[in-house]
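Contents: one structure, followed by commentary.
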Amino acid sequence: MGRSSLYVCQTCGAQTRQFFGRCAACGSWNSLVEQVVTASDTRRRRPVASSAAAAGAGGGALGATDLPPRSRRSESIHTVGERPLQRLGSGYGELDRVLGGGLVPGSLVLVGGDPGIGKSTLLLQSAEAMAARHSVLYVSAEESAQQVKLRWRRLGGDGSQLQLLAETDLELVLQELESLRPAVAIIDSIQALHDGDLASAPGSVAQVRECAAALARIAKRQDTALLLVGHVTKEGMLAGPKVLEHLVDAVLTFEGDRFASHRLLRAVKNRFGATHELGVFEMRDRGLVEVTNPSELFLGSDEPSAGTATIVACEGTRALVVELQSLVSTTSYASPRRTATGIGTNRLHQILAVLEKHLGLPLSRFDCYLAVAGGLEVEEPAADLGVATAVVASYRDLTLPPGTVLVGELGLGGQLRPVGQLELRLQEAARLGFRRAVVPKGSGLGPMAAGIDLQLMEAGTVAEALVMALGVNPADDRA
Ligand code: TYD
Ligand code: MG
């Protein structure tokens, strides 16, 4: 089959036979990406309206071979046959939860994350667990078979039927997939695979996309669930996984602090389940262990201290009790320092401005540091009240009564806004032994709340909430 390369501009879709740093048609820089055109592709593509071919420039190579036969017509949605969605358990409850209940046959899942975070470990462990019940192929393109075996031993691998292939050549990987027809295949990593027909280096956008598209075709055809490992750089660009997001059914990110032992697995895209589900693991000397009670990780010391406050964050269907720490100290700079870890700095700025305006606290003369315990990233506004309380507690050198949690979003006018999933949050707090919760007024708790053993204090404004939480009025200078 004759194959040749074509460079397609990712901005305007223009095609050239030669690589240029700048697209001659639209003038954008570095937008040309190499694509393989096979002789059969060009023959098949020509009769189709050229507009379709041009519009498909993004995934052109993939779309072309997947065109349905020309005789096929649309049909009524009622006559479309329904197949119940099967799920293959991954062997890890936390991974299954993030996948929405397990792996779907024929689906493509991209597992992204920084190098060294534990992607290979996670997938080798679940490959081993799955191999007890299904045929599983683990393709290691980064490490030799020996290295994988050493790790497998260390992870406690034993007599499972796991098949291993250490190979970087896409062609050979595809052949193996075809002859083995496994239920699950793991490609570690997609950046290390190499399609010999492309001149680009392994890991380049063209290579990553071409390899993933070829793997996707075969996975769909033979109902193999494919797990692709992808390295993500801080920019999320260079290494390529970003270009795969539209092609795969689910994108999971594996993240964590290199210096902490816990790892968080999240779904950022999932065609077969909810996104923003969270799985928590801990890296031990013998691999990753599931953490079924993650709140314990994110709660600090038992001794309450000035400037700490406890919030309940929600990640998907899961509530996490998390401790916030704040330090407010007189600034010696012209513009005070504001540093936040685990919470957006802009959010912190906004909360400080609300406190300054509505409580009259002169926070612009103070440096302010805020940290979420355990290295968790909390994005939701429901953490606002906790941030405000931690800051004010540090500013006034106050300690919150033990067993208090704070939930609520701050409006710019100083009002406290209701947040979603309040019952879930309160249940988790009560389960962990918290006794008081300051929540927004009019939260409309359902009947479930009746069974929650917590003293609820409802506040309409941040000023009211702070009085309830701290027991004194922080705006009062004698406090
Ligand atoms: P790895 O799975 O190789 O990361 P990735 O595939 O994402 O690049 O994990 C690498 C780190 O995990 C490495 O720094 C060592 C650590 N590790 C453990 O702490 N315990 C273990 O049992 C294993 C296998 C790895
Ligand atoms: Mg690896």
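Order of appearance sets the numbers: ligands from 1, and atoms from 1 within every ligand. Nothing here was measured: the structure is a model prediction, and the numbers come from that model.
Sorted by chain and number, the protein atoms of type N, O or S within less than 2.8 Å of the Mg ion (ligand 2) are Ser120 OG.
Considering all non-hydrogen atoms of both residues, Ser126 and Leu95 come closest at OG-CD2, 3.9 Å.
Between the side chains of His231 and Glu142, at least one donor N or O sits under 3.5 Å from an acceptor N or O. Arg436 and Thr404 form a side-chain donor-acceptor contact under 3.5 Å, judged by distance and modelled atom types alone.
In terms of modelled atom types and a separation under 3.5 Å, the side chain of Asp367 and the main chain of Arg337 share a donor-acceptor contact. Checked by atom type and distance alone, the side chain of Glu178 never pairs as donor or acceptor with a backbone atom of Ile218 at under 3.5 Å.
Within the 4.5 Å cutoff, side-chain heavy atoms of Leu193 are placed close to those of Val173.
Evaluation of the ring-ring contact (aromatic ring centres under 6.0 Å, His included) rule for Phe434 yields no partner, not counting sequence neighbours. Every residue meeting the ring-ring contact (aromatic ring centres under 6.0 Å, His included) condition with Tyr7, not counting sequence neighbours, appears here in chain and number order: Phe19.
In this structure, OG in Ser144 is found 8.0 Å from CG in Leu150, a value given to the nearest 0.5 Å.
Each of Asp114, Pro115, Gly116, Ile117, Gly118, Lys119, Ser120, Thr121, Arg151, Arg154, Leu155, Met283, Arg284, Asp285, Arg286, Gly287 has a non-hydrogen atom positioned under 4.0 Å from some atom of ligand 1.
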